Amino acid sequence: MAERYNPAEIETRWQQRWEEDRLDEAHIDPSKPKWYFLTMFPYTSGDLHIGHWYAEAPADAAARYRRMKGYNVLRPFGYDSFGLPAENAAIEAGVHPHTWTVENIARMRNQLKTMGCMFDWSKEVATYLPEYYRWNQWFFLQFYKRGLVYRAKAPANWCPHCQTVLANEQVENGACERCHTPVTRRDLDQWLIRITNYAEELLDFSQLQWPEKILLMQRNWIGRSEGVDLEFPLDPSTGSGQALEEKSIHVFTTRPDTVYGVTFMVLAPEHGLVAGLTTDERRAEVEAYVEQARRQTEIERTSTEREKTGVFIGAYCRNPFSGQRVPIFVADYALVSYGTGAVMGVPAHDYRDFAFAARYDLPVIAVIAPPNWQPGQALPDAFVGPGPMVNSGSFDGTFTPGDWSKLSEFEQRALAERWAFDFEQMAERVRRERGDGIAAVASEAERRGWGRRTVTYHLRDWLISRQRYWGTPIPVVYCEEHGVVLVPEDQLPVLLPPDAEFRPTGESPLASHEAFVNTTCPQCGRPARRETDTMDTFVDSSWYFLRYINPTYDRGPLDPNAARYWLPVDQYTGGAEHAVKHLLYARFFWKVCRDLGLVQGDEPFARLFNQGIILAEDRQKMSKSRPEFVVAPDELLANVGADAVRAFLMFIGPWDLGGSWSRQGIQGISRWLQRVWSLVLAGRPHANDEAPLTDRRQLQQRLHQTIRKVEGDLEDFRFNTAIAALMEYSNFLQEARVESEEDWDEAIDVLLRLMAPFTPHIAEELWTRLGKSYSIHQQPFPAWDSALADAEEVTLVVQVNGRVRDRLLVPVSISESEARTLALQSERVRSHLTAEVERLVYVPGRLINIVTR
RNA sequence: GGGGAAGUGUCGGAACCGGUAGACGAGCAUGACUUAGGAUCAUGUGCCAAUACGGCGUGGGAGUUCGAAUCUCCCCUUCCCCACCA
């Protein structure tokens, strides 16, 4: 009786051996093409769950395949280990975040090793270590010197639960992405990074082989809008008596063609001019409104269902084009964070303004004539479509496209229906029309000095200050004499003191640590205070992949020598949830690094692949409240083994779609591995029985077809069909009766090499047991020969009027006339030929369709 | 409100260019072997009929085509992302 497959024993044995032999360490080798294969590093949240396996196991198979194809593959691993979750968990458990993090990393590392992945452990990186965050601080200094870091007092997203500010990207539906508490606003002095300087370049995706979906999300997030900054002079006859430096209000508009339709002006509640412009009699009401806007959460404030509200502030400005006096309102539908924080209200041609005007009984002046509209007629709704300008002084009659080209076809059709005009005709008219009211008014504004063309982005500057403990201290000192002073490079790192009170109070925890706060000014040596905020952890993750290439290098964040060889990353894999956070920040960081001369090229990640999400059996997302899914169960590893878990996760479906985790299906993989085990160890099946001999040519054909299929699937991350092909192949071998020992050996040799990327342990074990040289993971991937893979005979389907009536086995080389003859001779076909044959459609190698009258 | 992805047996899924729908697994059924098994092996398994060389089948409805899961239009459902962007 042959020995049974015992995955637990085999797997631990090989994992130890590979580690001892440093099989997976990558070294610079100019004689080989390199392949930097990166997977997003995990947050150190504790035990590994099946989601981690899902991110790592298929990527490992793809990386192992690359290595077998002759690439020098770099496959590092690290830990994103600063940040709120560590702190929150530590507070809950009453442990220091440092202890919590160190323990988690140790546990995660051990659990990771049971997966049998080809990680190069010599390049491990953890962001909480001073050797790492020292370079965050170094980057901060370089950014500062290049004018890419600045300090500003601005209303910031504030999470009342986490007691810290958040970047725009970390607010989801108006709530904190971590704890889902509704976000409010707070005015604080904050450090920001000028990512907007790179907005234009970040919109260039031409060098990226990324999923369209992600590019689209980044494009939308950056949100480029071309428009005009228009200046509306303040009316001197109104307003408060306060002396104002500002003489005008700036608005950003994409629709200057509607400027004659302005009937009011809206300032965001946080707009700097509100307090100064408000008249005394309006002051109480305005202040109450501003105060309630401030208290509201983002969710309440940005709900689209909500009615537009606002308050007249008593002041007026003047429309430079029409000369008309325009009342100024404060309303929370204007956002400080977009454009100039002020909106020109054109109710006739903007839905929001229309709703606002309706509520406060403000005039609606149509300045673009909708189809079938008569002058003087009231508008039932805002009209955003194209048409001739009216009520617009010298611009009357100028055609303007309105929002037409910005609308999707769907929206255009809806608009056509709403205003009862012909969609096709209008589309054609806009295409043909040479007039452009938008450009005409914009040019006029520039000529008269009333405004200038400008581009506005949805992307905000990146707010990196955090009022929390567990992060990188910002290397800045405040001196009474010298103000903001940077900590000199040779004094880095500014160490995070281990003994600070880290419980959040709303104040930065470091502020109460006297020994940390009190320092001396690097310039004059007199007493000074340290900055007590820490950095957003997205700073850490923006460049970790640069550190991997040589994590011990101490003369800079990255080793230039290693950088020249390894960078950029050839393949990046990870979840799509980072589409506009990490992936945008990392692209930005790279571009700055390029400008600092640290790296070459414009993009860090040439190719990107997003795996899907793995759900529990009942399609619930895995979570901490469901411990049965949080831990990749030891018991599972003991029973079926890591190879089976790996292969099952790849077999479950396409990697980018994710799927449900079920223990049931894993039996199928386990059985397959058992069958392969017996097949390989038992030797040629049916060697001595009466079964018909398998044709040698057919054996080779299956072998080469399988290599071709598995290779193609691995190139495209289609692991599920690759494994199905391997199953088909091993099932075929099980049925086969192969005469020659050599042929059999070749067939098995190929099977094991093809399995090695997916199930590395069993492949290595069987390989060794067959007496082949260690290690299978250093063997080349088998090559296929299309002459051998291509079939000599094909099944020709014969259809009558599109219905399959017969299948004929014919040589590939069959001529059309031979095929016709054979098809028409077929008994099965003839019985369906009840009418005269009209024509014959012949698709070589596939089918013949006989069409009758 | 906008954008995107997807709907195929009992289940996960396959079908890459418009050309054999359901590969490969799971589950189920029957049988074999077994003291027993959630072990192993064999056979079957889309639905309806059951005489088969039959009919119907890829969310629903239309269309293009010799031929549609695949292309076009309308409708329905699910998931994801963004959401007062002036």
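This one's a predicted model, so the numbers in the text were calculated from it and none came from an experiment. We name chains A, B, ... by the order of the sequence lines, and we start the count at 1 in each one.
Here R820(A) pairs with E816(A) in a salt bridge; the nearest charged N to carboxylate O distance falls below 4.0 Å.
When distances run from any side-chain atom of R846(A) to the nucleotides rC24(B), rG19(B), rG13(B), the shortest one goes to rG19(B). Closest contact between the side chain of A334(A) and the listed nucleotides rA86(B), rA14(B), rA26(B) involves rA86(B). The nucleotide whose nearest atom lies closest to any side-chain atom of T721(A) is, among rG13(B), rA26(B), rA15(B), rA15(B). Comparing atom distances between the L216(A) side chain and each of rG4(B), rG13(B), rA83(B) picks out rG4(B) as nearest.
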Could you run down the sub-3.5 Å N/O contacts of the protein with nucleotides 66-68 of chain B?
from    : atom 1 : to      : atom 2 : distance (Å)
rC66(B) : OP1    : R839(A) : NH2    : 2.7
rC66(B) : O5'    : R839(A) : NH2    : 3.4
rC66(B) : O4'    : R839(A) : NH2    : 3.2
rC66(B) : O2'    : N849(A) : ND2    : 3.2
rC66(B) : O2     : N849(A) : ND2    : 2.5

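Evaluation of the ring-ring contact (aromatic ring centres under 6.0 Å, His included) rule for F651(A) yields no partner, not counting sequence neighbours.
The P atoms of rG12(B) and rC17(B) are separated by 24 Å, rounded to the nearest whole Å.
We find that NZ of K213(A) is positioned 20 Å from P of rG2(B), with the value rounded to whole Å.
Applying side-chain contact (heavy atoms from CB on, under 4.5 Å) to R839(A) and the options V851(A), N849(A), I850(A) leaves one that passes, V851(A).
Helical stems involving RNA chain B, defined as 3 or more consecutive Watson-Crick or G-U pairs under 3.5 Å, span B:1-7 with B:76-82, B:10-12 with B:24-26, B:27-32 with B:40-45, B:46-48 with B:54-56, B:59-63 with B:71-75.
In this structure the side chain of R718(A) reaches within 4.5 angstrom of the side chain of N720(A), judged on heavy atoms.
Under 4.0 angstrom from either OP1 or OP2 of rG25(B) there lies at least one side-chain N or O belonging to R675(A).
A ring-centre distance under 6.0 Å is found for Y585(A) and W462(A).
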